[in-house]
Amino acid sequence: MSATDTAEPSTEIDAPSDFIREQIRADLADGTTRQVITRFPPEPNGYLHLGHALSICLNFGAAGEFGGFCNLRFDDTNPTKEEIEFIEAIQRDVTWLGFSWPGEPKFASDNFQQLYDWAEHLIIQGKAYIDDLSPEEIREYRGTLTEPGKPSPWRDRPTEENLDLFRRMKAGEFPDGARVLRAKIDMASGNINLRDPILYRILRATHPRTGDDWCIYPTYDFAHGQCDAIEGVTHSLCTLEFADHRPLYDWLIEQLPVPATPRQYEFAKLLISHTVLSKRRLTRLVTEGHVRGWDDPRMATLSGLRRRGVPAEALRSFVAKLSVSKNEGEVEMAMLEHAIRENLNQAAERRMAVLRPLKVVITNYPEGESETLEAINHPNDPEAGTRQVPFSREIWVERDDFMEDPPRKFFRLGPGREVRLRFAYFITCQDVIKDDAGEVVALHCTYDPATKGGDAPDGRKVKGTIHWVSAADALDAEVRLYNPLYTRADPGAEGDFVDDINPDSLEILTDCKLEPSLAEMAADAPVQFERTGYFIPDPDGTPDAPVYNRTVALRDSWAKAKGKG
RNA sequence: UGGGGCGUAGCCAAGUGGUAAGGCAGCGGGUUUUGAUCCCGCGAUCGCAGGUUCGAUCCCUGCCGCCCCAGCCA
């Protein structure tokens, strides 16, 4: 090395930066940390949702960026709530989001024996005791936010007696709730978590992994930090509500002969307007039948979003736009929708589909004939190529693209009006056919053969271009449109959130007409139905009876202008 | 009236002593065989009040507001 060496080039142009990553950078720089190890620690008592996506991207993302790794660790210390189904779904969702962990997933329950041994260690050190108080008494003795607690009469039990009792708790000699193991810290602390927190409780429930091996289980506080230490986690990232637990986290790490010294850092959880991101509420939506299941496309679960057609990449870019902070704000749903549209705009090929069909007969087009027209698959990406679209005398167009008495700036079909059929011809509406009830049932139009492909040789312009599907060649499909699940931006702000559920959140259209090439598209390929939105096939569909989910509608400045009156 | 955390445009968010990045939304304009995409333009006395300083969003003091904690949940 010489003085002429140039300075370190600044790489990582687009690398995210936030207070967590700054901390990691500093720890790496001063040698506090050699290799970054993080963990994503879900409790398997529900499905992962958008809020978890932030934590997943942070934990796996930051570790990866700095050459470390992130464990997937199930925080399974409460067998009364946890299930195998959730363990499997969570792994599926994390993988789908695009992340992987080294080896097998970790479980807090892998360490039950070690945690138990450490609990005995604490007892022997005189730092923990068995309390015989009932749950109600413990609450009373704990004091309140403004009044200090008072010591349990069992607080100064002899070490030998504590040890004996703890072993007998483990052996199953006492009923559930009869006794607990508590840390002996400070009953007068302003931080209630330090008022002799409970470390172990008696719980006779079959654990999804350890079965009936144990009848005592460690609490979150006793398990989390110690598992971090066992795994060599350097940066234990969690949400703000755990900041009050940090002194306890540190206290336990200090008291026990753990193999490492993990540090906890807290960040604000993600909140999004017009939706609900809490496991308790999501669980209610499922169990009370407000939605069709955990993967209902209206759910803010990762499974629901996946089924709805939201690409994992869009979720990652959404999270990247947010950054990580300690500010407890609420992100507007529009931000998520933007990330989805931005991603799908480049990822999805275009096709034509008529959702609410209206028959158009092209009266001057020869009966019984048809032809094939070339359509581009992606206007911004020539590489996506072209496809052939059949055209014939009878076609379907969108009902919304016709108005019998159109306002001034309506550029679509109306009596006597000429529009362009995308990739096809100019047509002019000559007659409006109605049934006895006065309902418009068909349009009679004429086409201009000279405008084939969509351009008029005489330079004539049309203001509107509409999509269409040849009636004889159309594929029938069901299309599910999703509207916001709630009627307000802050569901539950006044009363029960289920009362804010939008009764029209799911709209099923059963007579949709798709262009035939859609039959050839992959089942997991996102597609844009031109002028309508982004869609994805739903697993409920079959080749003969396809079903599509609308992921998100296209932006619609016409609807907006119209709405303003 | 205990402890912890947070306050920068409608929303998210950089900046941490030298005179306010960026994204979303909104509004206006341009391009366009999707009223899509794309492109251009427009918004802030940095919660309030004092103080230190040549100079403060950034330091100090005092207020105000919001969130979290009294599960043998995590």
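Each chain gets a letter, A, B and so on, in the order the sequences are listed, and its residues count up from 1.
- For A:Ile192, whose side chain is taken as the heavy atoms from C-beta onward, the closest listed nucleotide among B:rA70, B:rA36, B:rC24 is B:rA70.
- Rounded to a whole angstrom, the distance from the P atom of B:rC38 to that of B:rC24 is 9 Å.
- Taking the O4'-C1'-N9-C4 or O4'-C1'-N1-C2 dihedral as appropriate, B:rG71 has a value within 90° of 0 and is therefore syn.
- On a pure distance criterion of 3.5 Å, a polar donor-acceptor pair joins the side chain of A:Glu332 and the base of B:rG10.
- At a cut-off of 3.5 angstrom, counting only N and O atoms as typed in the model, there is no donor on one side facing an acceptor on the other between the side-chain of A:His467 and the base of B:rA36.
- Contact check on A:Glu231 versus A:Arg73 returns a salt bridge, with a Lys/Arg side-chain nitrogen under 4.0 Å from an Asp/Glu carboxylate oxygen.
- Across every strand in view, B:rC59 sits in a pair with B:rG51 that passes the Watson-Crick or G-U test at under 3.5 angstrom.
- Residue contacts shown for A:Leu322 are limited to sugar-phosphate atoms, with no base heavy atom under 4.0 Å away.
- A salt bridge links A:Asp196 with A:Arg155; the closest basic N to acidic carboxylate O contact falls under 4.0 Å.
- Taking side-chain N and O atoms only, A:Arg246 has no distance below 4.0 Å to OP1 or OP2 of B:rG5.
- Heavy-atom distances to RNA chain B give each of A:Gly190 and A:Arg420 a nearest nucleotide, and the one nearer the 5′ end belongs to A:Gly190.
- Pairing for B:rG2 is with B:rC69, a Watson-Crick or G-U wobble pair whose two hydrogen-bonding atom distances lie under 3.5 Å.
- Base engagement by A:Gly177 is indicated by at least one non-hydrogen atom pair under 4.0 Å involving a base atom.
- Of the charged side-chain nitrogens involved, at least one lies within less than 4.0 Å of a carboxylate oxygen, so that A:Glu120 and A:Arg167 count as a salt-bridged pair.
- For RNA chain B, the neighbouring residues in residues 525-535 of chain A, judged by any heavy atom under 4.0 Å, are A:Gln528, A:Glu530, A:Arg531.
- Applying the 3.5 Å distance criterion, the base of B:rG7 shares no donor-acceptor pair with the side chain of A:Asn327.
- Nearest approach of A:Lys279 to A:Glu43, heavy atoms of both residues: NZ-O, 2.9 Å.
- Separation of the C1' atoms belonging to B:rG55 and B:rC12 is 31 Å when rounded to the nearest angstrom.
- Taking NZ of A:Lys127 as the start and CH2 of A:Trp251 as the end, the distance is 6.0 Å to the nearest 0.5 Å.
- Here A:Tyr220 does not count as stacked on B:rA74, because the ring centres are not under 5.5 angstrom apart with planes under 30°.
- Atom C1' of nucleotide B:rC12 and atom NZ of A:Lys326 are separated by 18 Å, given to the nearest angstrom.
- Place A:Met335 and A:Val180 on RNA chain B by their nearest nucleotides, and A:Met335 ends up nearer the 5' end.
- A sub-4.0 Å separation between OP1 or OP2 of B:rG71 and a side-chain N or O of A:Arg139 is present.
- Salt-bridge annotation for A:Asp228 and A:Arg263: absent, with no side-chain N of the basic residue lying under 4.0 Å from a carboxylate O of the acidic one.
- Rounded to a whole angstrom, the distance from the P atom of B:rU61 to that of B:rC6 is 16 Å.
- A salt bridge links A:Glu65 with A:Arg21; the closest basic N to acidic carboxylate O contact falls under 4.0 Å.
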